[in-house]
Structure formats: C-alpha cells, structure tokens
Amino acid sequence: MSKTTSDNTLPAIISHAKEYGFVFPSSEIYDGLSAVYDYGPYGSQLKKNIRDYWWNSMTQLNENIVGIDAAIFMHPTTWKASGHVDSFSDPLIDNKDSKKRYRVDHLIEGHADKLVEAGDKEAADKLIASMEALLANDDFTGLKKIIEDNKIFCSVSGTGNWTEIRQFNLMFSTELGSVAEDANTIYLRPETAQGIFVNFLNVQKSARMKIPFGIAQTGKAFRNEIVARQFIFRMREFEQMEMQFFIKPGTQKEWYAHWKEERMKWHLSLGIDAAKYRFHDHIKLAHYADAAVDIEYEFPFGFKEVEGIHSRTDFDLTRHQEFSKKKLQYFDTEINQHYVPYVIETSIGLDRMFLLILANSYEEETINKEDGTTDLRVVLHLPAKIAPNKLAILPLTKKDGLPELAKELMEDCKKSFHCFYEEKDAIGKRYRRQDAIGTPFCVTIDHQTKEDGTVTIRYRDSMLQERIALNKVKELVLAHIN
RNA sequence: GCGAAAGUAGCUCAUUUGGUAGAGCACGACCUUGCCAAGGUCGGGGUGGCCGGUUCGAGCCCGGUCUUUCGCUCCA
C-alpha cells in the first residue's frame with residue numbers, strides 16, 4: 001500500500017519549480033485553474049529532454065519501432081469501440097453521512113434485490129422498469145425521487161441523506177463545426193493509444209513493418225478527473241508517451257515479460273535509485289487486458305504509478321474491426337496465415353516522469369565549510385542527459401579579456417548543447433544558481449586561462465573542481481550527455 | 001465530492017488586542033573585489049487571492065468564492 005509521508009518535500013519542490021521557472025500554475029493572474037499547470041523556460045526544456053530521451057530509446061534504438069503523431073480529435077465512434085463512452089456514462093450519487101459514492105443503478109438494483117428476498121417480486125420488477133426508463137432519458141430528478149420514495153438508505157451510514165445525482169463524464173467534449181448539434185459532438189482523446197490502433201494498417205503497410213513491431217507516440221490527452229491533485233501528478237490535461245507493440249497471438253507472455261524488463265531498465269538508465277522503484281502487478285484487470293503491471297516510484301506522497309505495461313490482447317483491434325467494418329489483420333508470411341495481432345502496451349505519463357525526476361533530484365544539502373560554519377545549498381541532481389542546461393560558462397571577472405575568451409567557448413559549445421553564459425556576481429553565487437536549476441557542469445575562465453589555455457571545471461554533485469584544457473571542455477560535456 | 005489548514009513583494013516569512021504594510025534573500029544599475037550564496041551606494045517591485053458585510057476606520061472580525069497543501073473518497 002502507499003506509504004504517506006507527512007514531510008513537506010512536495011511543497012518545497014512546488015515552490016522551487018515556480019521560483020526557477022520550471023512549472024507555473026496555469027492562468028495564475030486569474031487565480032489559476034484547478035489542476036492545470038504551465039511549463040516555464042527550464043521546465044519546458046527538461047520536459048522536452050525527457051520526451052526526446054524516451055522517443056529515441058524507442059524509435060532510434062529499436063529498428064522495429066516507428067513513431068506517429070495522431071490528432072487529438074478522433075472520430076466519435078473510436079470511443080464507442082474503445083469502451084470509453086460506456087464506461088463513463090454512469091450517474092453517481094454520494095451519501096453525505098458516510099461519504100460513500102454509489103452508482104445510481106447499482107443502488108436501486110440492490111434495493112430491488114431486497115424486495116425480491118422479502119417476497120415482493122412484483123414491486124421489484126416495477127422499480128427496475130421505472131429506473132431503466134429514467135436512466136434512458138437521463139432523468140436525474142426522477143431517479144433521485146425513486147431513491148427517496150423507496151426509502152433507499154446507505155448501507156454504511158444507514159441514512160437517506162443523499163447529494164444530487166451527477167453524471168461524471170471523464171471525457172471532455174466539444175463540437176466540430178460551427179453548429180452545435182448532437183451529431184457533431186466530438187471528444188478530446190482520453191488516451192493516445194487509440195490513435196495508434198486506428199492507424200495500425202497505415203503504419204504497417206507504409207513503413208513495411210513485420211510482426212513483431214511497435215508504434216510509438218507522445219502527445220496530450222485529457223480527462224475530466226473528479227479529483228485532480230498532487231501538483232502535476234494528476235492533471236486534467238497531461239502528456240502520455242505510449243508504445244503499442246504488435247505481436248503474434250500466443251506470444252504475449254514472453255513479450256509482456258520482455259517489455260516489463262526493458263522499461264525498468266530505461267528508468268534505471270537515468271541513474272535513479274532502484275530502491276525507489278517497484279512493480280505493482282494488477283490482480284483486478286481492466287476489460288481489455290490479460291495481464292497488467294505498474295511501475296511505481298516512491299514520490300514524496302508515497303508509491304504511485306508512473307508507467308503501465310499492459311497485455312491488451314486483440315481487444316482494441318477487434319473492436320475497431322467490428323465498429324469500422326474494416327479488417328485490421330496482418331498476413332504472417334512465416335506461417336501463411338491472417339490474424340489480428342495481440343498488443344503489449346507501454347504507457348508512461350510524461351508529466352509524472354517530470355515530477356519523478358524533480359523529486360528524485362531535489363536536495364537541500366548542508367555544507368560544512370572550512371571555517372566551521374555550515375551553509376545550505378539547494379541542488380537539483382538532474383541526470384546530465386536531460387538537464388536543461390548542460391554547461392555554464394563563467395568568466396571569473398568581466399575584465400582583462402576573460403569575457404572574450406568565455407564567449408569564444410560559448411560560440412563553440414552552443415552548437416552542440418544548451419549552454420548558459422553569465423558574468424554577473426561572485427563566482428560562488430553563480431555556481432549556486434546553476435545548482436538550483438541542475439546544470440551539471442560549470443567552467444570558469446580565469447587569468448591562468450590566458451597563460452596556459454586551461455580552465456576550472458566544477459562538478460555540480462561533488463562540487464569538486466579540476467583544471468582541464470579549454471579545448472577539452474566540449475568533449476568532456478559531450479561524453480557525459482550521450 | 002467530504003473534512004482540516006493555508007493564501008501579505010519573484011521566494012521564505014513578520015506585522016501580539018482593528019488605526020491606510022516591513023525584513024532577509026532574489027531582481028536592476030554603479031563602485032570595490034575575485035574560485036563555492038562577498039562588501040558598499042542607489043533603485044524597481046504589494047488597491048494584503050478575489051467579492052461582499054460589520055466599523056469613523058479591516059491584512060486582522062464575519063460571510064461567500066477561487067487556488068493550493070494534508071487526510072479520506074475516486075481514478076474505466
């Protein structure tokens with residue numbers, strides 16, 4: 001179970017993220033918008049770097065995985081086929097005393113069962129019939145009246161103190177075209193996966209893919225969560241990084257194990273402490289899956305899901321076949337047979353990965369100084385591969401030709417990676433500012449540089465310094481970020 | 001959605017019983033300096049989350065609302 005910690009790490013991270021331009025509340029001048037956030041200068045760069053690192057690990061390092069970029073708007077039938085429309089249409093009601101939430105139909109059916117037990121089958125049938133009529137018309141007032149008239153009470157609190165009935169539709173809807181008619185209602189996608197499934201044949205044929213192969217995609221998805229909280233962990237607008245891997249039916253066990261292992265390796269390749277991770281196997285499976293596991297990370301608020309690996313069987317492609325009346329089959333030349341492929345899905349939340357990286361990197365470090373006093377530094381131990389700035393170039397003084405030398409280095413390095421140049425303030429202060437945004441390397445150009453062509457390179461994590469040749473700086477940084 | 005707490009400068013926070021707002025850090029300019037948050041001078045920045053009420057007078061009291069955090073609940 002999730003361990004909850006009562007420390008204030010999360011508020012400190014939120015505060016730091018805002019102060020240094022990583023994450024801002026959306027529309028903050030209008031008091032913000034609940035559970036929506038914007039990424040600032042360093043945040044957007046860090047997010048892009050995480051996305052690129054994932055994208056390359058999929059599409060560049062695997063010859064049999066290709067990418068797509070599907071639209072957020074999709075044909076409305078997509079969501080009927082995927083099961084999203086039906087899953088979301090249940091009216092719900094809360095008991096104010098017990099705080100328990102019920103599906104209205106389950107609540108009324110439960111009462112009907114009791115009537116049957118009591119021997120009044122006639123009344124039970126009548127109750128169900130009127131409920132179904134009201135459900136079909138979305139008549140919530142009528143449904144509430146049924147609950148009140150029949151004195152249906154909460155099984156926990158035993159009271160009839162109910163809230164109004166509400167429809168919690170987790171999909172955002174809007175209208176396509178200028179006229180708002182029912183037929184034109186479309187949804188903002190609640191997941192990116194369906195964009196891959198509906199393009200299965202397009203991709204397979206155009207890129208001449210042979211099973212097993214994968215399709216990767218990153219993009220925004222939208223869910224109208226009833227409760228969205230914990231900073232950027234659960235947002236109403238969020239970004240997914242998904243890969244659907246198409247395989248021969250019967251081989252799903254092996255491929256599921258393969259991707260479970262591969263995805264954990266990816267996480268650990270960022271140098272994150274393995275003890276912070278764990279697998280959580282699903283016992284109760286979603287309607288489309290025959291096996292599912294979460295990769296969980298120990299956030300400041302406990303172990304939570306970052307990524308899911310699902311064995312989705314042929315559920316999605318089969319459903320799209322049914323609803324579209326188009327065959328979504330693959331001809332396997334090895335066995336000379338047609339079949340609907342099975343699918344192993346890896347799906348990771350980019351924003352969650354971003355928060356994971358921040359939480360894992362953030363440290364308020366106490367430094368024991370030589371004179372016996374202590375000092376506090378806030379440092380982001382970001383993996384060098386994904387840090388927004390790779391190198392800060394700092395002339396020790398702004399005179400004596402040092403800025404000129406520094407700018408030369410800047411011009412050379414900025415073609416290869418993100419650099420930051422600054423000549424303001426004392427050198428120590430500049431180091432600390434770079435620590436706060438996670439820049440892994442700083443080089444200082446000093447008077448000795450003019451004499452022997454060496455610079456001081458200072459490492460963020462150890463704070464150690466060493467002298468290296470000016471013309472080796474770029475090489476050293478490149479060695480750490482590739 | 002329920003309960004608790006919070007919201008004052010970019011950040012962290014003061015302003016003890018109601019009398020028209022301060023500090024440290026940060027930010028900008030200049031001077032001295034030069035290898036781990038240096039010193040000095042000057043400067044910019046707030047209709048106290050928002051709306052309303054009580055009062056001669058509200059950052060402070062009352063009501064509402066928005067946002068956030070924490071605990072429940074929910075998470076196809």
Side-chain angles (χ1 to χ4, degrees), chain A residues 4-21 24-37 40 79 82-90 92-103 156 161-164 166 168-171 190-191 223-231 233-234 236 284-289 300-302 304-305 365 367 369-370 375-379 394-400 402 423-436 442-448 455-460 462-467:
Chain A
T4 45
T5 51
S6 57
D7 64 32
N8 56 357
T9 312
L10 185 60
I13 291 170
I14 294 169
S15 173
H16 188 84
K18 191 193 165 197
E19 181 168 7
Y20 288 94
F24 309 125
S26 164
S27 324
E28 199 189 7
I29 61 167
Y30 294 108
D31 290 330
L33 185 61
S34 183
V36 185
Y37 290 90
W79 308 114
S82 69
H84 285 82
V85 171
D86 289 338
S87 306
F88 289 163
S89 61
D90 308 316
L92 302 171
I93 190 165
D94 294 305
N95 183 273
K96 288 179 187 170
D97 298 315
S98 67
K99 319 297 184 202
K100 291 293 285 184
R101 174 167 294 154
Y102 296 88
R103 272 176 61 170
V156 175
N161 189 11
W162 299 106
T163 63
E164 290 307 306
R166 277 158 304 202
F168 291 101
N169 193 335
L170 285 185
M171 284 197 290
E191 65 174 27
R223 295 182 197 180
N224 198 3
E225 300 282 356
I226 301 163
V227 178
R229 262 200 296 183
Q230 278 154 335
F231 195 37
F233 184 80
R234 175 169 288 118
R236 299 204 162 93
K284 217 179 96 184
L285 295 169
H287 58 272
Y288 52 75
F301 40 86
K304 297 283 178 184
E305 176 189 359
E365 186 184 15
I367 297 164
K369 295 204 283 195
E370 284 173 10
D375 193 11
L376 189 76
R377 77 160 179 157
V378 175
V379 52
L394 315 168
L396 190 59
T397 79
K398 52 180 103 166
K399 297 183 298 198
D400 305 330
L402 301 186
E423 53 191 45
K424 229 183 84 66
D425 292 323
I427 193 69
K429 191 178 279 192
R430 283 182 270 169
Y431 284 156
R432 296 302 176 84
R433 274 202 286 262
Q434 293 306 309
D435 289 340
C442 295
V443 289
T444 303
I445 315 292
D446 58 17
H447 294 93
Q448 197 185 328
V455 295
T456 305
I457 186 153
R458 181 263 193 187
Y459 300 94
R460 175 196 65 202
S462 62
M463 296 175 72
L464 291 176
Q465 304 183 99
E466 59 182 359
R467 287 205 80 86

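Values in this document were obtained by computation on a predicted structure and should not be read as measured data. Chain letters run A, B, ... following the sequence lines, proteins first and then strands; every chain starts at 1.
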Checklist line | Distance between P atoms of rG39(B) and rC35(B) (Å, rounded) | finding: 15 Å
Next item on the list: Could you check R223(A) against Y431(A) and say which one's nearest nucleotide on RNA chain B is further toward the 5' end?
Entry: Y431(A)
Next item on the list: Output the single nucleotide from rA37(B), rG34(B), rC36(B) whose closest atom is nearest the side chain of M463(A).
Entry: rC36(B)
Notebook entry, point to check: Between the main-chain N or O of A12(A) and the side-chain N or O of S15(A), is there a donor-acceptor pair closer than 3.5 Å?
Noted result: no
Check: Looking for any heavy atom pair under 4.0 Å, which part of the strands does A17(A) touch: base, sugar-phosphate only, or nothing?
Finding: nothing
Checklist line | Distance in angstrom units between L394(A) CG and rA37(B) P, rounded | finding: 14 Å
Next item on the list: Taking all non-hydrogen atoms of both residues into account, name the closest pair between H16(A) and A436(A) and its distance.
Entry: NE2-O, 2.7 Å
Notebook entry, point to check: Is any side-chain nitrogen or oxygen of K424(A) closer than 4.0 Å to OP1 or OP2 of rG28(B)?
Noted result: yes
Note to self: So D425(A), base contact, sugar-phosphate only, or nothing? Heavy-atom distance under 4.0 Å.
What the structure shows: base
Check: Nearest of rA37(B), rC70(B), rC36(B) to any side-chain atom of Q465(A)?
Finding: rC36(B)
Next item on the list: Any strand is fair game: report the nucleotide pairing with rG28(B) by Watson-Crick or G-U wobble, both distances under 3.5 Å, or none.
Entry: rC42(B)
Checklist line | Spacing of CD belonging to E466(A) relative to CG belonging to L464(A), to within rounding of 0.5 Å | finding: 8.0 Å
Item checked: Spacing between Q230(A) atom CD and rU73(B) atom P, to the nearest angstrom -> 13 Å
Notebook entry, point to check: Say you pick atom P in rG7(B) and the same atom in rC62(B); how far apart are they, in whole Å?
Noted result: 14 Å
Margin query: Counting C-beta onward and ignoring hydrogens, is there a side-chain heavy-atom pair between R458(A) and Q434(A) closer than 4.5 Å?
Written below: no
Checklist line | Whole-Å gap separating P (rU32(B)) and CG (D400(A)) | finding: 12 Å
Margin query: Partner lookup for rU47(B), please. Criteria are Watson-Crick or G-U wobble with both distances under 3.5 angstrom; report none if nothing qualifies.
Written below: none
Margin query: Nearest to the side chain of T397(A), heavy atoms from C-beta on, is which of rC36(B), rA37(B), rG34(B)?
Written below: rG34(B)
Note to self: Looking at D400(A) and L402(A), would you say the former's side chain and the latter's main chain have a donor-acceptor pair under 3.5 Å?
What the structure shows: no
Next item on the list: State which of rC11(B), rU69(B), rU67(B) makes the closest approach to the side chain of S34(A).
Entry: rU67(B)
Next item on the list: From the options rA76(B), rU69(B), rA38(B), select the nucleotide whose nearest atom is closest to the side chain of L10(A).
Entry: rU69(B)
Next item on the list: Under 4.0 Å between any heavy atoms, over every strand shown, what does F233(A) touch: base, sugar-phosphate, or nothing? Just pick one.
Entry: nothing
Check: Which part of the nucleic acid, if any, lies within reach of S15(A) when heavy atoms closer than 4.0 Å are counted: base, sugar-phosphate only, or nothing?
Finding: sugar-phosphate
Next item on the list: Could you work out the separation of rC60(B) and rA21(B) based on their P atoms and round it to a whole Å?
Entry: 13 Å
Margin query: Measuring only the C1' atom in each nucleotide, how far is rU73(B) from rG1(B)? A whole number of Å is fine.
Written below: 8 Å
Next item on the list: Could you measure between the two P atoms, the one in rU15(B) and the one in rG59(B), and give it in whole Å?
Entry: 16 Å
Check: Is R234(A) side chain donor-acceptor paired with the rC75(B) base, going by distance under 3.5 Å alone?
Finding: yes
Next item on the list: Using atom NZ of K18(A) as one end and atom P of rA26(B) as the other, report the distance to the nearest whole Å.
Entry: 18 Å
Notebook entry, point to check: Between atom CG in L396(A) and atom P in rA38(B), what is the gap in whole Å?
Noted result: 13 Å
Next item on the list: Whole angstrom is fine here: how far is it from CD1 in I14(A) over to P in rG10(B)?
Entry: 19 Å
Next item on the list: Among the candidates rC75(B), rC11(B), rA37(B), find the nucleotide nearest to the side-chain atoms of R432(A).
Entry: rA37(B)
Notebook entry, point to check: Does the R223(A) side chain pair with the main chain of R234(A), one donor and one acceptor, at a distance under 3.5 Å?
Noted result: no
Item checked: Heavy-atom check, side chain of T444(A) versus side chain of R430(A), under 4.5 Å -> no
Checklist line | rA23(B) versus rG63(B) - spacing of their P atoms, nearest Å | finding: 34 Å
Next item on the list: May I have the distance from E19(A) (atom CD) to rG10(B) (atom P), rounded to whole angstrom?
Entry: 11 Å
Check: With rounding to whole Å, what would you report as the distance between rG10(B) and rG71(B) at their C1' atoms?
Finding: 31 Å
Check: Looking for any heavy atom pair under 4.0 Å, which part of the strands does E28(A) touch: base, sugar-phosphate only, or nothing?
Finding: nothing
Margin query: From the set rA38(B), rC35(B), rA76(B), return the single nucleotide nearest to any side-chain atom of K429(A).
Written below: rA38(B)
Note to self: Taking atom types as they are modelled, would you say the side chain of R458(A) forms a donor-acceptor pair with the base of rC36(B) within the 3.5 Å cutoff?
What the structure shows: yes
Notebook entry, point to check: Mapping K398(A) and Y30(A) to their closest nucleotides on RNA chain B, which lands nearer the 5' end?
Noted result: K398(A)
Notebook entry, point to check: rC56(B) pairs with which nucleotide, Watson-Crick or G-U wobble, both distances below 3.5 Å?
Noted result: rG19(B)
Check: Is the phosphate of rA38(B), meaning OP1 or OP2, less than 4.0 Å from a side-chain N or O of R430(A)?
Finding: no
Note to self: Tell me which nucleotide, if any, is Watson-Crick or G-U wobble paired with rG3(B) when both distances must be under 3.5 Å.
What the structure shows: rC70(B)
Notebook entry, point to check: With the threshold set at 4.0 Å, does a side-chain nitrogen-carboxylate oxygen contact exist between R432(A) and D425(A)?
Noted result: no
Checklist line | Whole-Å distance separating the CD1 atom of I29(A) from the C1' atom of rC66(B) | finding: 15 Å
Item checked: Nearest-Å distance once atom C1' is located in both rU55(B) and rC61(B) -> 10 Å
